[in-house]
*Asks:* 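This is the structure I have questions about; it appears just below.
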Amino acid sequence: MAGSPVIVLDPYYLAITFLITLALQYSTLAVAYTLQFDKLTDAAGSLNFFLIALITLTFGNQYHAREIVVSVFMMIWAARLGGFLFFRVLKTGSDGRFDQIRSNLLKFAGFFAFQTLWCWTVSLPVTILNSPRGSYGPRGGANPKFGSGTDIVGIIFWVIGFSIEAISDIEKFRYKSAKPAPDQVNNKGTWGFTRHPNYFGEILLQWGIWLLCIQPARSGLTSSETRHALYASVVGPIFITLLLFGLSGLPEAEKPAAQKYYLKTYGPKADGESKAWQNYQDYLDSTSIFWPIPPAIYRPLPKWLKQTVLLDLPFYHFDERKDGPKAIEEAKQKDRESRENA
């Protein structure tokens, strides 16, 4: 059932969704900075995605299969991710990512500024589809029959991506909760096929959502302006892909993880018997950085293939000759400071 949409500020809902995002993120900043805790930071991001999908679907008032499926997919993903992250931070007590910025207003505000950009940009495919320009015929939108080949691929991408992300999050939480041996590597379940199954799942499901959103443009039934806008919403999945590959994902995960295992073997507190670094190097050699590939297939592949097509780029690597001595010195310095402050 569909009726006339509500037009708020602009026919693509770009302004209203940005203002909603800005208000939610900076009200969360005010609470988090005042109380000096970070239990709401990730939850605010997930809630933002949920609200954008729900509000644009309601304002757009076009309850066709495509709009409902896309919006519900986004809301399910946001609710699952937000619920898990909130549960995790309640269990751990705090989020170590914010230890250096929680008390610095400008740095903390910078995090929320980036989260504002993340939520608004990644939501663009859903926002534009649900807008009057996206789905309402008299405004240049269209509602082609749901179930095209592109729709089916989009659903498959979303289901696979959502499942892998959800399963990998649970597996990693259980692994850490079990307090494994210091030299043990998490290589079970999805983590045995890729070193970052959660990132793979998130990227895949967001591309699936975009594929579901662009069918009106592909149908030839929309205005040229709407068609261009729907295709341009590809900046959403591109943004999350570049973010996880170039900024807050792999770069922040790969070297620190390798350094942790290196110091377990060669750091100032190493017992001389730990095989942590050897085990981790074996994990790197046998496990793809991103694409899920069985270890038996990945291990014998040539290094050049792994570092090009399979995206295990050199700048992600911890070089024990260059990075090792620096890591050991930093660990020694940290120990000295801890003893002085004790």
Side-chain angles (χ1 to χ4, degrees), residues 2-32 40-64 66-75 77-79 81-82 108-143 206-207 209-210 212-217 221-243:
S4 299
V6 177
I7 298 177
V8 185
L9 299 180
D10 68 83
Y12 288 109
Y13 292 157
L14 301 179
I16 186 60
T17 52
F18 182 77
L19 292 175
I20 290 171
T21 301
L22 200 64
L24 175 58
Q25 295 307 315
Y26 279 88
S27 60
T28 305
L29 167 64
V31 174
L40 298 178
T41 49
D42 285 324
S46 299
L47 178 60
N48 212 138
F49 284 109
F50 189 98
L51 288 177
I52 286 178
L54 179 61
I55 289 172
T56 57
L57 176 65
T58 304
F59 283 0
N61 203 25
Q62 304 299 297
Y63 299 106
H64 303 299
R66 183 178 317 282
E67 287 75 16
I68 293 173
V69 168
V70 167
S71 300
V72 169
F73 274 6
M74 183 65 89
M75 289 188 282
W77 167 72
L81 181 62
F108 212 17
F111 166 81
F112 281 96
F114 191 81
Q115 184 153 277
T116 298
L117 180 63
W118 171 56
C119 293
W120 184 79
T121 304
V122 176
S123 293
L124 281 175
V126 179
T127 298
I128 294 174
L129 175 71
N130 284 341
S131 72
R133 287 285 194 186
S135 299
Y136 187 53
R139 285 279 178 173
N143 177 44
Q206 291 297 345
W207 280 101
I209 286 177
W210 180 73
L212 285 164
C213 290
I214 64 167
Q215 185 57 29
L221 300 176
T222 65
S223 66
S224 61
E225 182 181 339
T226 296
R227 182 170 66 255
H228 294 153
L230 286 168
Y231 280 131
S233 69
V234 72
V235 298
I238 287 176
F239 183 90
I240 192 65
T241 302
L242 294 179
L243 174 66

*Asks:* With distance as the sole criterion, is a donor-acceptor pair present between the side chains of Trp207 and Thr241 under 3.5 Å?
*Replies:*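 Distance-only check passes for Trp207 and Thr241.
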*Asks:* Establish, from distance only, whether the side-chain atoms of Gln115 and Gln25 form a donor-acceptor pair under 3.5 Å.
*Replies:* yes
*Asks:* Check Ser71 against Asn130 and note the closest heavy-atom contact, atom names and distance.
*Replies:* OG-ND2, 2.9 Å
*Asks:* Parallel, tilted or perpendicular: which describes the rings of Trp118 and Phe49, with under 30° parallel and over 60° perpendicular?
*Replies:* perpendicular
*Asks:* Any chance the side chains of Asn143 and Ser135 put a donor and an acceptor closer than 3.5 Å?
*Replies:* no
*Asks:* Is any side-chain heavy atom of Ile209 closer than 4.5 Å to one of Val70?
*Replies:* yes
*Asks:* Does some side-chain heavy atom of Phe114 sit less than 4.5 Å from a side-chain heavy atom of Leu243?
*Replies:*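 Yes; the side chains approach each other to less than 4.5 Å.
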*Asks:* Report yes if the side chains of Ser123 and Thr17 come closer than 4.5 Å at any heavy-atom pair, otherwise no.
*Replies:*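 SC-SC contact between Ser123 and Thr17 ruled out.
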*Asks:* Side-chain contact, heavy-atom cut-off 4.5 Å: Tyr13 with Pro132?
*Replies:* yes
*Asks:* Do Thr58 and Tyr63 make a side-chain contact, defined as non-hydrogen atoms from C-beta onward lying under 4.5 Å apart?
*Replies:* yes
*Asks:* Quick check: closest heavy atoms across Thr121 and Val235, and the distance to 0.1 Å?
*Replies:*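 Closest heavy-atom pair between Thr121 and Val235: CG2-O, 3.9 Å.
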*Asks:* Within a reach of under 6.0 Å around CZ of Phe18, are more than 12 heavy atoms found that belong to other residues, nucleotides or ligands?
*Replies:*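 Result for CZ/Phe18: open.
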*Asks:* Using a 3.5 Å distance criterion without hydrogens, assess whether the side chain of Thr226 forms a donor-acceptor pair with backbone atoms of Arg133.
*Replies:*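 Checking the backbone N and O of Arg133 against the side chain of Thr226, a donor-acceptor pair under 3.5 Å is found.
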*Asks:* Between Trp120 and Phe239, does the ring centroid distance fall short of 6.0 Å?
*Replies:*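 Not close enough - the centres of the two rings lie 6.0 Å or further apart.
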*Asks:* Taking Ser223's backbone N and O only, do any of them form a donor-acceptor pair with Glu225's side chain (distance below 3.5 Å, no angle check)?
*Replies:*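 No, because the side chain of Glu225 does not come within donor-acceptor range (under 3.5 Å) of the backbone of Ser223.
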*Asks:* Between atom OG of Ser233 and atom CG of Leu129, what is the distance when rounded to the nearest 0.5 Å?
*Replies:* 8.5 Å
*Asks:* With a 4.5 Å heavy-atom cut-off, do Leu14 and Leu124 have their side chains touching?
*Replies:*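 In short, these two side chains touch, coming nearer than 4.5 Å.
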*Asks:* Test your reading of the model: is there a side-chain donor-acceptor pair from Ser27 to the backbone of Leu24, 3.5 Å cut-off?
*Replies:*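 Checked: pair present.
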*Asks:* Kindly say whether Leu212 contributes a backbone atom to a donor-acceptor pair with the side chain of Arg66 at under 3.5 angstrom?
*Replies:*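 Such a contact is found between Arg66 side chain and Leu212 backbone.
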